[in-house]
Amino acid sequence: MNKFVLLTPGPTMVPERIGKAMQPPIIHHRAPAFVKIFTKVCEDLKYVFCTKNDVFTFAASGTGAMESAVVNLLSAGDKAVVVVSGKFGERWKLLCEAYGVNAVVIDVEWGKAVKPAQIEEALRENPDAKAVFTTLSETSTGVVADLKTIGAVVAETPAALVVDAISGLGATPCLMDEWQLDVVVAGSQKALMLPPGLAFAAVSEKAMKLVEASTLPKFYFDYKKYRKMVEKNQTPYTPAVSLILGLQEAINMIKEEGLENVYARHARLAKAARAAVKAMGLEMLSSPEDAGNICTAVKVPDGVDGNALVKIMRDEHKITITGGQEHLKGKIFRISHLGYVVDFDLILGIAAIEMSLKKLGADIQLGSGVAAAQQVFMS
Ligand SMILES: *Cc1c(COP(=O)(O)O)cnc(C)c1O
């Protein structure tokens, strides 16, 4: 018999409540019954995004919302500052290149957070930059950037600040209005505890000014069409009706727990994961001040193949964690505590990591990481 646990940074586990909420027969998306639901969902999304701005909902994966920000804000030949501190920052760069946007790249060592001063300097040297593209939670390294300070830096300039909050939103604070973020993009299959298939973009008035001037080609993702339709609590094209029903239930769950408590739960799980890593005698990829609360990236001990660890975890223990990406492949593993994860899901994961590492020949004391996590949970 198999029972699966996902300790992954998306897709994440879907609570039974949300699964059930998606079961009813399809409602027509222009019928009053659906419009009523979508009206509430659009309002509630503002709570999750901590904004008064409109939040646009797409039937796409998170990358679709990233693409939407590039094509709606910019024109070919425009300059944009792009922070690359991991796989997902790199995606901003690739998107800019795909559309002929002139990307001024701030290269940050993977595992470190960009310093707000680096962005300040890049904007001083490139006063004609129309936008800054960066990442709240760089899922490839576990690092969470200081978007509050970055927001204050960019707000002083004409540039719009575009944030990939796909793995961060609903797990770690992302105060769009207070931090002066101009576009915040997210996806359904991370902290929102839904299956993949929905992407979101919340857009500020400063960003909408750029939208007016943008000439890059766009059709499905055209923000002007979404803005017009969101006023009628609809989407221009058929929404993913069942996922929207699930989203309503997901937001109900987040509201019941309270956003602050959701952040605190992720922080507590991350603290336990870090304590377990230390107690097992392993090393984190990042310094403690850069490590975020979404996923914990850990260096694989010398002589152990990180890919083999992930495989044993999945095939023998039915627990999915993730390995490293690009040059970190085989060198790190990432244990995620994102979305529908509670203390004992993490305990299972740590126990299985101990057993798998021991099997691969690492010098690991069984129970050491579990005990350290238990200590955190009891304190
Ligand atoms: C998962 C993720 C993405 C990609 O989202 P898709 O839904 O796979 O397109 C982008 N950025 C970050 C930070 C992510 O964690």
Side-chain angles (χ1 to χ4, degrees), residues 10-72 165-166 169-170 176 183-204 207-208 211 214 216-257 259 262 339-340:
T12 61
M13 293 183 282
V14 176
E16 208 178 333
R17 259 179 82 173
I18 294 179
K20 278 205 183 117
M22 293 186 295
Q23 282 171 358
I26 293 291
I27 316 172
H28 192 272
H29 63 291
R30 303 295 179 208
F34 182 78
V35 173
K36 188 172 167 218
I37 291 164
F38 195 62
T39 304
K40 176 136 197 321
V41 164
C42 287
E43 247 343 276
D44 284 347
L45 277 172
K46 294 180 184 180
Y47 165 73
V48 180
F49 278 74
C50 304
T51 189
K52 292 195 171 67
N53 294 316
D54 288 332
V55 184
F56 304 141
T57 301
F58 312 109
S61 85
T63 305
M66 294 175 74
E67 181 158 349
S68 80
V70 174
V71 300
N72 278 282
I166 295 175
L169 188 95
M176 181 174 190
V183 180
V184 174
V185 302
S188 55
Q189 79 277 25
K190 311 254 168 154
L192 294 177
M193 308 176 285
L194 289 162
L198 292 180
F200 310 96
V203 186
S204 76
M208 279 314 280
V211 172
S214 158
L216 277 176
K218 54 194 144 283
F219 190 88
Y220 177 78
F221 288 117
D222 189 337
Y223 284 175
K224 286 191 207 161
K225 292 187 193 132
Y226 282 83
R227 168 121 107 174
K228 211 182 246 164
M229 287 307 276
V230 88
E231 282 165 15
K232 300 179 195 158
N233 296 299
Q234 298 191 45
T235 50
Y237 314 107
T238 314
V241 170
S242 305
L243 287 171
I244 301 286
L245 300 186
L247 176 60
Q248 176 178 255
E249 190 63 8
I251 298 174
N252 287 343
M253 287 181 70
I254 290 171
K255 282 181 135 180
E256 281 165 23
E257 190 175 358
L259 254 187
V262 173
Y340 184 49

For the pair [X] (side chain) and [Y] (backbone), establish whether a donor and an acceptor sit closer than 3.5 Å, ignoring hydrogens and angles.
X     : Y      : answer
Asn72 : Phe221 : yes
Tyr47 : Leu259 : yes
Ser68 : Tyr223 : no

Find the distance between [atom1] ([X]) and [atom2] ([Y]) and round it off to the nearest 0.5 Å.
X      : Y      : atom1 : atom2 : value
Met176 : Lys52  : CE    : NZ    : 12.5 Å
Ser61  : Glu67  : OG    : CD    : 10.0 Å
Ile166 : Leu192 : CD1   : CG    : 11.0 Å
Phe56  : Phe200 : CZ    : CZ    : 13.5 Å
Phe49  : Asp54  : CZ    : CG    : 12.0 Å
Ile27  : Ser242 : CD1   : OG    : 9.0 Å

Test salt bridge (charged side-chain N to carboxylate O under 4.0 Å, His left out) applied to Asp44 - qualifying residues, sequence neighbours left out: Lys40, Lys255
Set out, in order, the CA-CA distance, both residues' side-chain angles and the distance that settles side-chain contact (heavy atoms from CB on, under 4.5 Å) for Lys190 and Leu169, then state yes or no. CA-CA 8 Å; Lys190 311 254 168 154; Leu169 188 95; over 6 Å; no
With the side chain counted from C-beta on, respond yes when [X] and [Y] share a heavy-atom pair under 4.5 Å apart, and no when they do not.
X      : Y      : value
Phe38  : Gln248 : no
Gln234 : Arg30  : yes
Thr51  : Val184 : no
Pro195 : Leu243 : yes
Phe34  : Ile244 : yes
Asn53  : Met208 : no
Tyr340 : Ile18  : no
Leu245 : Pro24  : yes

Closest heavy-atom contact between Ala201 and Val185? CB-CG1, 4.1 Å
What closest approach, in Å, do Glu249 and Ala21 show between heavy atoms, and which atom pair accounts for it? CB-CB, 3.6 Å
Taking side-chain hydrogen bond (donor to acceptor under 3.5 Å, both in side chains) as the test, write out the residues that go with Tyr220, two or more places apart. none
Does Glu16, at its CD atom, have more than 12 non-hydrogen atoms belonging to other residues, nucleotides or ligands within less than 6.0 Å? no
Against the six-membered ring of Phe219, is Lys225 placed for a cation-pi contact (under 6.0 Å from the centre, within 45° of the normal)? yes
